[in-house]
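Counting starts at 1 for both ligands and their atoms, in listed order. No experiment lies behind these values; they were computed from the predicted model shown. Throughout, residue positions are numbered sequentially from 1 according to the sequence presented.
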Amino acid sequence: MDIENRDDIEQLMRAFYAKAIPDPVIGHYFTEVIQMDLEKHLPVIIDFWETVLFGIAKYKSNAIAVHQHLHTKSAFEDKHFERWVSLFQATVDDLFEGEKATLAKQRALSIATVMKIKTIHGTSPIGH
Ligand code: HEM
């Protein structure tokens, strides 16, 4: 089954955080670097993915800036992004298949790559 609507994205994100929060490589960002309230965070991240996958203009904040701030609290390294992406891809593959599932995996990797460059390397790949 493919990712078709907001309920599917919620299912995906709950499954992702069930892996990410206890994860030995990135879990501390959610539990120690900040104490994330998952039930408050979920509507924001679901808006984000509705915007990315379905072009519904709901997410209006700046996810890169949020992670630049996290980077100042506890510096990101390549291994954190690699882990985040591999958990995300595995979660998509566990639950969904199809055009949107493939798009989600592609967008996750491309956004993670930009985020990595704008945090670890402090600059943009296109010169801004
Ligand atoms: C090293 C990998 C990553 C870690 C450890 C991480 C961790 C976090 C944490 C702790 C927050 C909550 C920040 C806060 O509320 O102050 C957050 C927010 C968020 N993350 Fe990540 N993240 C990572 C990569 C990504 C990637 C690659 C994406 C997108 C593809 C993403 C999308 C988001 C979004 C949309 C938010 C909400 C931003 C907002 O409040 O407007 N994250 N992340």
query: Step by step, would you call Arg6 with Asp47 a salt bridge (Lys or Arg N to Asp or Glu O under 4.0 Å)?
result: CA-CA 8 Å; Arg6 188 172 176 90; Asp47 281 354; 2.9 Å; yes
Residues Glu97, Asp2; criterion side chain to side chain contact (heavy atoms under 4.5 Å, CB included); working and verdict: CA-CA 5 Å; Glu97 60 183 340; Asp2 203 358; over 6 Å; no
task: May I have the step-by-step check of side chain to side chain contact (heavy atoms under 4.5 Å, CB included) for Ile111 and Phe48, ending in yes or no?
output: CA-CA 12 Å; Ile111 296 164; Phe48 176 84; 3.9 Å; yes
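Near Ile34, meaning under 4.0 Å from any of its heavy atoms, are these atoms of ligand 1: 10 (C), 12 (C), 13 (C), 14 (C), 15 (O), 16 (O). Listed by atom number, the atoms of ligand 1 under 4.0 Å from His41 heavy atoms are 18 (C), 19 (C), 36 (C), 37 (C). The ligand atoms of ligand 1 that sit less than 4.0 angstrom from a heavy atom of Ser61 are 41 (O). Close approach of ligand 1 to Leu70 is summarised as follows: ligand atoms under 4.0 Å from at least one heavy atom of the residue are 7 (C), 8 (C), 9 (C), 10 (C), 11 (C). Ligand-side atoms of ligand 1 in range of Ala112: 27 (C), range being under 4.0 angstrom from any heavy atom. Those atoms of ligand 1 with a heavy atom of Trp49 less than 4.0 angstrom away are 30 (C). Interface atoms of ligand 1 facing Ile45, defined by a heavy-atom separation under 4.0 Å, are 32 (C), 33 (C), 34 (C), 35 (C). Per-residue contacts place Phe48 under 4.0 angstrom from the following atoms of ligand 1 (heavy atoms of the residue considered): 29 (C), 35 (C).
Counting heavy atoms from C-beta on, the side chains of Thr102 and Glu99 never come closer than 4.5 Å. Contact of the Tyr29 side chain with the Met36 side chain is not registered, since no non-hydrogen atoms from C-beta on lie closer than 4.5 Å.
Contacts with ligand 1 closer than 4.0 Å are made by no heavy atom of His69, backbone or side chain. With a 4.0 Å heavy-atom cut-off, ligand 1 is reached by the side chain of Met115 but not by its N, CA, C or O. When non-hydrogen atoms are compared, ligand 1 lies under 4.0 Å from the side chain of Trp84 (C-beta onward) but not from its backbone.
Follow the hydrophobic side-chain contacts under 4.5 Å out from Leu38 and you never reach Val66; the two are in separate clusters.
In this comparison of Thr119, Val52, Ile111, the heavy atom closest to atom 30 (C) of ligand 1 sits on Ile111.
In this structure, the protein non-hydrogen atom closest to atom 40 (O) of ligand 1 is Val44 CG1, 3.8 Å.
Nearest heavy-atom pair across Lys73 and Val33 is CB-CG1, 3.8 Å.
Between Phe76 and Trp84, the ring center distance fails the sub-6.0 Å criterion.
When only interatomic distances are considered, the shortest N/O to N/O separation between His67 and ligand 1 falls below 3.5 Å. In terms of polar-atom proximity, defined here as any N/O pair under 3.5 Å, Tyr59 does make such a contact with ligand 1.
Remark: side-chain polar atoms of Asp8 are paired, donor with acceptor, to backbone N or O of Glu4 under 3.5 angstrom.
Between the CD atom of Glu77 and the CZ atom of Arg83 there is a distance of 14.5 Å, given to the nearest 0.5 Å.
Note on ligand 1: Phe88 sits outside its first shell, no heavy atom being nearer than 4.0 Å.
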